[in-house]
Every structure is written in C-alpha cells, then in structure tokens.
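Note that the structure is a prediction, hence the values are computed from the model and not measured.
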Amino acid sequence: LSRAISVGFPLENQLPPIAHVHASFSWTFSQATFTSKSPLSYSASSLPDWLVFDSATRTLHGTPSPDDEGNPRIKIVAKDQDGEMASSSVTLCVTPYGPPTLSKSVADQFKQDNPSLSSVFFLSPNSALDTGEPTLRVPSNWSFSVGFEWNTFTGSHTVYYDALQADGSQLPHWMHFDAKELTLNGVAPHPADLPTPSHLALSLRASGQEGYTDAVAPFSLVVASHELSLPSGSLPTLNVTSTDDFDIELRSPFDFDGVFMDGRQIDVSEIESLAIDTSEYFNWLSYDADTRPLRGKPSKASYFSGIELPVVFTSNLNQSLHTALHVVS
C-alpha cells in the first residue's frame with residue numbers, strides 16, 4: 001500500500017538560498033516537498049537560534065551573525081489530518097562571502113549566432129508568446145538543447161550552476177539540466193500531453209557552494225509549434241471623415257496587414273476573434289465582436305481627430321495579441 005504522505009521533492013534537491021552574515025535570509029520551501037491527499041501542517045526541528053520557521057507559509061527566515069557561520073542541518077516534518085507524518089532534512093550554508101555577480105545576461109546569450117542553442121526558435125518582435133523574460137520557443141515533439149556560458153556569473157570562488165523552475169519547483173520530467181556541460185536538454189511533449197502554447201518560467205541558478213542558490217537568472221521556454229506576432233505594434237490605421245458616419249466591417253486581409261503567423265502574413269481564416277474596446281467612446285462609437293463591424297458617428301463626438309482603441313486579437317491557435325487600433329480623420 002502507498003503511504004498517505006510521502007516526500008515528493010526532497011529539501012536537499014531544492015537548492016536552498018545561501019544565508020549571508022548580517023543579511024536577511026528567507027526561504028519558502030516548495031509545496032511539492034510532501035505529497036498527500038489531505039491538508040498538511042508543518043513543524044521544524046534543530047533550528048539554529050537565528051532562524052525562525054513560519055509554518056503557515058512554509059518559510060524559514062532570519063539574519064545570521066558572524067558566530068552563526070557554518071552548516072546547520074534542519075528537519076521539516078509534515079503531518080496530515082490523520083496524524084501520518086513524513087520528514088525531509090537539509091543542510092543550510094551560512095557564509096560571510098558575497099554571492100556571484102551576473103557577468104553575461106541570458107538575453108545576450110539568446111542570439112542567432114550562439115552555437116550552444118539547438119532546435120529552438122527566437123521570438124519575433126511583439127510576439128504573442130513574449131513573457132517579459134528572455135524566451136525561446138520549442139515546437140511540440142522536438143528535441144532541444146540550450147547551453148549557457150560559464151561566465152554567466154562570476155565570483156571570487158568556483159561558481160556552481162543548476163536550474164529549477166522559477167518558483168523553485170523541480171524541472172518537468174521531459175527536460176534535464178547538465179550541471180557539468182551547463183546545458184538544458186529535453187524533448188517537448190506531444191500536444192496531447194502538453195497543450196500549446198505552454199510557458200515554463202525557469203531560472204538558471206548560481207552559487208559558490210554546490211547544491212545551493214546564491215544568484216538567479218530567469219528565462220522562459222515556450223512550447224508552441226507556431227507563433228503569432230505583430231512587429232509594427234498595432235493594426236493598420238483606419239481613416240474616416242470626422243463629419244460622416246461610418247460602418248467598417250473588419251474582415252479584409254488589409255485590416256490585418258502586418259499581423260504574422262510564423263513570419264508570414266496571417267490568413268483571415270486563422271483569426272479566431274477580434275475584441276475592440278470602444279467603451280470610452282460609447283456615445284458615438286460601437287463594435288460587434290461577432291460580426292466585426294466598427295460603427296461610428298463622429299459628428300456626435302465633442303471633438304474627434306484621432307483615437308486609439310485597445311484590441312485583443314486571438315488566432316485559432318490559442319495565441320492572443322494585446323494591441324491597438326488607431327482611427328483618425
């Protein structure tokens with residue numbers, strides 16, 4: 001019989017942050033540390049005097065002094081509603097030395113001429129897949145390899161690297177980080193197993209002590225076989241006459257000039273929906289998302305020479321662009 005509660009993600013595999021003398025320390029261990037079908041409560045033992053445990057948030061925090069330098073080992077115990085228990089232990093690191101510093105950003109490494117990147121795509125300008133972090137795209141079912149440079153971080157001692165998801169969770173089973181080669185390898189799942197697009201927020205972790213985190217460089221991997229983009233940043237401008245009523249049905253390919261699917265002009269049949277917010281001009285402007293007519297009576301506007309309307313453009317591949325439509329007279 002399987003246990004009601006077990007260790008799913010050992011603390012020692014979670015790359016806890018290093019505690020620096022005279023600096024505030026805080027670490028929230030993963031909710032996936034223990035697996036259980038019922039709610040859990042937590043307790044900690046063998047804590048050094050400087051460290052406090054908040055069981056409600058699963059957070060260890062405190063500020064070590066020079067006398068606390070060393071490697072205290074702590075234990076976390078999880079208990080379910082039936083009194084079943086499981087535990088996981090980890091050795092922390094308290095040091096007076098500073099963390100490694102970022103010397104070469106991940107964004108600078110995600111370039112076309114980087115031979116350490118294999119079977120990945122770079123995002124187009126104003127991509128619907130943009131996460132705000134350095135991002136690479138991998139199609140479903142593709143094997144891929146993402147290599148990082150050894151001088152991404154530098155420090156006074158040897159720098160050790162590893163990778164986790166950005167929230168501290170372990171990497172999904174279909175990818176693996178090779179700490180010796182500094183390479184993230186994997187095979188993206190089939191769409192039936194991982195609907196697309198699927199974004200994974202990841203982080204390259206560096207430390208002067210192996211098995212810990214002392215500096216983080218975030219990046220993202222998105223699994224998607226196609227990419228919707230709008231390099232110009234907005235839809236084509238609509239020109240109207242300030243004194244004449246207008247009724248424009250947005251269904252022509254010219255209305256979406258500059259919207260691209262995989263680097264080519266999008267076909268109208270690939271458009272799932274087009275939402276235009278006219279609420280700011282409700283007294284003279286309206287839009288029907290079902291049939292896509294934009295109707296206006298500029299003569300009823302107190303003043304009209306040009307407006308910018310927020311737009312959400314969605315393709316039939318479950319990708320959306322937040323953009324704008326300019327209407328000028």
Side-chain angles (χ1 to χ4, degrees), residues 9-30 33 44 46-53 59-76 88-111 114-117 133-134 136 145-171 175-185 201-221:
F9 186 21
L11 292 174
E12 60 186 10
N13 294 343
Q14 296 182 33
L15 307 178
I18 285 183
H20 295 274
V21 169
H22 295 314
S24 177
F25 170 89
S26 180
W27 178 42
T28 301
F29 62 82
S30 174
T33 303
S46 304
L47 295 182
D49 293 339
W50 63 272
L51 195 60
V52 176
F53 178 55
T59 301
L60 294 148
H61 61 90
T63 303
S65 69
D67 293 338
D68 297 315
E69 181 182 350
N71 299 99
R73 187 166 179 81
I74 65 170
K75 182 164 89 170
I76 301 295
S88 184
S89 298
V90 63
T91 300
L92 300 179
C93 177
V94 183
T95 178
Y97 302 108
T101 57
L102 184 66
S103 295
K104 188 163 187 179
S105 71
V106 172
D108 287 341
Q109 298 179 53
F110 284 1
K111 301 295 184 183
N114 186 349
S116 297
L117 304 177
E133 300 288 356
L136 296 172
S145 181
V146 179
F148 299 91
E149 296 191 17
W150 286 103
N151 64 343
T152 302
F153 289 93
T154 57
S156 56
H157 298 81
T158 300
V159 176
Y160 297 92
Y161 290 94
D162 214 321
L164 291 174
Q165 295 194 54
D167 64 359
S169 302
Q170 55 194 328
L171 296 176
M175 67 170 64
H176 167 72
F177 183 77
D178 187 326
K180 292 183 178 179
E181 298 296 331
L182 210 55
T183 302
L184 182 71
N185 303 301
L202 306 171
S203 59
L204 180 67
R205 309 225 169 182
S207 175
Q209 296 286 332
E210 191 172 9
Y212 296 90
T213 295
D214 213 10
V216 174
F219 66 100
S220 291
L221 192 74

CA sep, side-chain torsions, deciding dist, call: Arg73, Ser46, side chain to side chain contact (heavy atoms under 4.5 Å, CB included): CA-CA 7 Å; Arg73 187 166 179 81; Ser46 304; over 6 Å; no

Please, which pairs that meet salt bridge (Lys or Arg N to Asp or Glu O under 4.0 Å) have at least one residue in residues 89-98, sequence neighbours excluded? none

Quick one: [atom1] on [X] to [atom2] on [Y], what's the gap to the nearest 0.5 Å?
X      : Y      : atom1 : atom2 : result
Leu164 : Leu202 : CG    : CG    : 9.5 Å
Leu184 : His176 : CG    : NE2   : 9.0 Å
Glu210 : Cys93  : CD    : SG    : 12.5 Å

Could you pull out the closest heavy-atom pair between [X] and [Y], with the gap in Å?
X      : Y      : value
Pro134 : Val106 : CB-CG1, 3.9 Å
Ala166 : Arg205 : O-NH2, 3.6 Å
His22  : Thr63  : C-CG2, 3.7 Å
Val216 : Ser203 : CG1-CB, 3.5 Å
Thr152 : Gln109 : OG1-NE2, 3.0 Å

Side chain proximity check, [X] to [Y], heavy atoms < 4.5 angstrom:
X      : Y      : value
Ile18  : Gln209 : yes
Leu204 : Phe177 : yes
Trp27  : Val90  : yes
Ile74  : Pro48  : yes
Ser26  : Thr59  : yes

Only counting residues at least two apart or in another chain, list the ones meeting ring pair (Phe, Tyr, Trp, His ring centres under 6.0 Å) with Phe153. none

Write out all pairs satisfying side-chain hydrogen bond (donor to acceptor under 3.5 Å, both in side chains) with one or both partners inside residues 11-21, taking only residues at least two apart or from two chains. Gln14-Thr33, His20-Asp214

Return each pair, listed once, that meets side-chain hydrogen bond (donor to acceptor under 3.5 Å, both in side chains) where at least one residue sits in residues 155-168; pairs must be two or more places apart or across chains. Asp167-Ser169

[X]: what forms a side chain to side chain donor-acceptor pair (under 3.5 Å) with it, not counting sequence neighbours?
X      : value
Glu149 : Lys104
Ser103 : Thr154
Asn185 : Ser145
Ser30  : none

Look at the side chain of Ser88 and the backbone N and O of Leu11, then say whether any donor-acceptor pair between them is shorter than 3.5 Å. yes

Relative to each other, are the rings of Phe25 and Trp50 parallel, tilted or perpendicular (30° and 60° limits)? perpendicular

Taking side-chain contact (heavy atoms from CB on, under 4.5 Å) as the test, write out the residues that go with [X], two or more places apart.
X      : result
Ala44  : Leu47, Phe53, Ile76
Glu133 : Thr131, Pro218, Ser220
Pro115 : none
Val52  : His61

Give a yes or no on whether Phe110 atom CZ has more than 12 heavy-atom contacts from other residues, nucleotides or ligands under 6.0 Å away. yes

Flag yes if more than 12 heavy atoms outside Asp49 fall under 6.0 Å of its CG atom; otherwise flag no. no

